[in-house]
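All chains are named by letter (A, B, ...) in the order of the sequence lines, taking the proteins before the strands, and each is independently numbered beginning at 1. In this text, all values refer to a predicted model and were calculated from it rather than measured experimentally.
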Number of protein chains: 2
Amino acid sequence: MNQKTVSEQTLRRLPVYLHYLRSVRGERECISATALAQAFGLNDVQVRKDLGSVSGLGRPKVGYAVEELIAQLEGFLGCRAATSVILVGAGHLGTALLSYAGFLDYGLDICAAFDCAEDVIGRRVCGIPVLSSEELEAYCRAHCIHLAILTVPASAAQQMCDRLVGCGIRAIWNFAPTILRAPAGVTVENENLASSLAVLTRHLNEGRRTEAGESI
Amino acid sequence: MNQKTVSEQTLRRLPVYLHYLRSVRGERECISATALAQAFGLNDVQVRKDLGSVSGLGRPKVGYAVEELIAQLEGFLGCRAATSVILVGAGHLGTALLSYAGFLDYGLDICAAFDCAEDVIGRRVCGIPVLSSEELEAYCRAHCIHLAILTVPASAAQQMCDRLVGCGIRAIWNFAPTILRAPAGVTVENENLASSLAVLTRHLNEGRRTEAGESI
DNA sequence: CTGATATAAATAATTTTATATCGATATTTT
DNA sequence: AAAATATCGATATAAAATTATTTATATCAG
């Protein structure tokens with residue numbers, strides 16, 4: 001079994017490779033690490049190392065068999081057995097995520113959404129039922145849900161986080177612009193838009209500064 | 001001038017500090033790096049180092065003056081002078097972002113959205129006008145736009161990226177699940193949901209494996 | 001004024017991540 | 001069949017980031 005410990009950075013790149021490989025499947029039988037690296041603007045050795053941690057059957061002069069690699073990545077990332085997940089907060093962003101079909105490709109099956117607004121409860125968004133948040137605890141326990149997507153307003157996030165932890169959730173994907181405090185054993189992944197933004201605006205400002213001269 | 005080069009990891013944390021500081025402003029005059037670290041589950045030295053790269057006026061036994069620190073972070077991150085930005089693709093996700101008020105806090109001013117669907121063109125979402133994508137080039141040049149948020153379907157992303165580059169955009173915030181190829185000088189920040197997801201599901205699976213025993 | 005204490009700042013050590021180098025191997029060309 | 005070439009895999013090196021340790025300093029209680 002190839003269950004090596006993969007670094008976090010590598011782990012984050014693997015789904016990116018997978019997505020690309022899926023897009024070229026059929027077009028080509030094999031692909032080299034060099035070609036992959038070029039497609040992403042990465043170092044080829046890095047790609048090889050990343051792939052090596054889940055596969056290890058690249059052939060010199062040829063590369064990796066696309067289908068085989070896809071299968072291995074899917075296996076490693078757990079895209080085969082779908083994980084059931086709930087979404088809490090069926091507002092704009094929540095709805096956007098519900099209607100994003102791509103999740104299933106990565107083994108995520110959103111089975112229900114929860115909200116507290118009367119006018120959305122009982123409706124379906126892309127086939128996914130929106131339930132009253134009062135049913136949250138009962139539903140999670142009954143369906144053994146361990147992963148939740150949190151898209152409520154920042155003001156309600158921590159309170160909802162506590163409720164989720166209370167009913168057995170072990171991982172929370174937080175889209176609310178707040179830092180959540182959760183006990184050890186519960187992972188919180190903050191999808192922090194402000195962070196990405198900081199990187200972009202720095203680039204813009206650097207460009208401007210260089211443009212302006214700044215000669216000695 | 002404190003214009004040191006800040007590492008990317010640090011840069012990504014700064015907006016998080018800023019957000020937290022804003023939430024406690026008024027409540028307290030000063031705050032220590034230790035307290036900040038605890039709030040985020042980070043190492044206190046790291047917080048101090050991060051803050052040191054933009055500020056450097058913490059006082060022993062007291063910490064940092066909240067208001068002063070906010071001002072310095074805002075200055076450094078460029079939250080003062082708002083950057084004009086356009087959003088391309090007014091679908092679910094696009095609308096969610098348009099209605100997310102928080103961007104202005106980080107100096108982002110979404111001044112227009114573009115789409116090609118007849119039924120949304122001409123409408124306003126949260127006060128922001130949705131224009132026809134045919135007007136894209138003219139608008140960007142007329143308003144000197146350099147930053148674009150891309151929320152079109154993956155299939156249209158690369159093509160739209162090329163158009164944006166063509167009309168002077170220098171930074172693209174890509175939400176489409178594709179890798180974009182852009183010339184040097186144009187930064188593309190991919191908001192990659194699949195990567196975050198990989199981290200979460202690994203945690204879930206690790207938990208399950210440990211739970212199951214795995215004794216020798 | 002003095003000493004205890006909390007905290008910042010500086011420095012060092014560790015860990016993680018990325019890149020470069022090199023030999024081995026399969027494929028293609030001659 | 002032999003040589004050339006592209007590529008993998010492993011190892012080594014370098015860079016970056018995080019964490020630990022130490023030192024210095026400001027505040028507060030007595």
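- Among all heavy-atom pairs drawn from A/Leu204 and B/Arg170, the shortest one is O-NH2, 3.6 Å.
- For the atom pair CG of A/Leu87 and CZ of A/Phe175, the computed distance is 8.5 Å after rounding to the nearest 0.5 Å.
- A donor-acceptor contact shorter than 3.5 Å is absent between the side chain of B/Arg48 and the backbone of B/Gly58.
- In this structure, A/Arg12 reaches neither bases nor backbone, as no heavy-atom distance under 4.0 Å exists between it and the strands shown.
- Shown here for A/Ala157 and A/Thr178, the closest heavy-atom pair between the two residues is CB-OG1, 4.2 Å.
- For the pair A/Gln46 and A/Lys61, both in contact range of DNA chain C, the more 5′-proximal nearest nucleotide belongs to A/Gln46.
- A 4.5 Å side-chain heavy-atom check between A/Tyr17 and A/Leu14 finds at least one atom pair inside the cut-off.
- For A/Arg25, the salt bridge (charged side-chain N to carboxylate O under 4.0 Å, His left out) partners are A/Glu67, not counting sequence neighbours.
- From the 5' end on, the contacts that DNA chain D makes with chain A at under 4.0 Å to a non-hydrogen atom open and close at D/dT5 to D/dG9.
- Side-chain atoms of A/Asp50 and A/Gln46 include no donor-acceptor pair closer than 3.5 Å.
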Its contact letters, B for base, S for sugar-phosphate only and - for none at protein heavy atoms under 4.0 Å, make nucleotides 9-16 of chain C read B-------
List, one per line, each side-chain donor-acceptor pair under 3.5 Å for residues 185-192 of chain A, sequence neighbours excluded.
unit_1	atom_1	unit_2	atom_2	d
A/Thr187	OG1	B/His203	ND1	2.7
A/Thr187	OG1	B/His203	NE2	2.9
A/Glu189	OE2	A/Arg12	NH2	2.8
A/Asn190	OD1	A/Asn174	ND2	2.8
A/Glu191	OE1	A/Trp173	NE1	2.9
A/Glu191	OE1	B/Ser196	OG	2.8
A/Asn192	OD1	A/Ala194	N	3.1

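- When rounded to the nearest whole Å, the span between CG of A/Leu42 and P of C/dT17 equals 15 Å.
- Within residues 18-41 of chain B, no residue has any heavy atom under 4.0 Å from DNA chain D.
- For B/Asp50 and C/dA8, the CG to C1' distance is 14 Å, given to the nearest whole Å.
- For the pair A/Asn43 and A/Pro60, nearest-nucleotide mapping onto DNA chain C gives the more 5' position to A/Asn43.
- Under a 3.5 Å cut-off, the side chain of A/His92 and the backbone N or O of B/Leu97 do not form any donor-acceptor pair.
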Validation: residues 104-114 of chain A side-chain donor-acceptor distances under 3.5 Å, sequence neighbours left out:
none

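- Under the 4.5 Å side-chain criterion, counting only non-hydrogen atoms from C-beta, A/Leu136 is in contact with A/Ile86.
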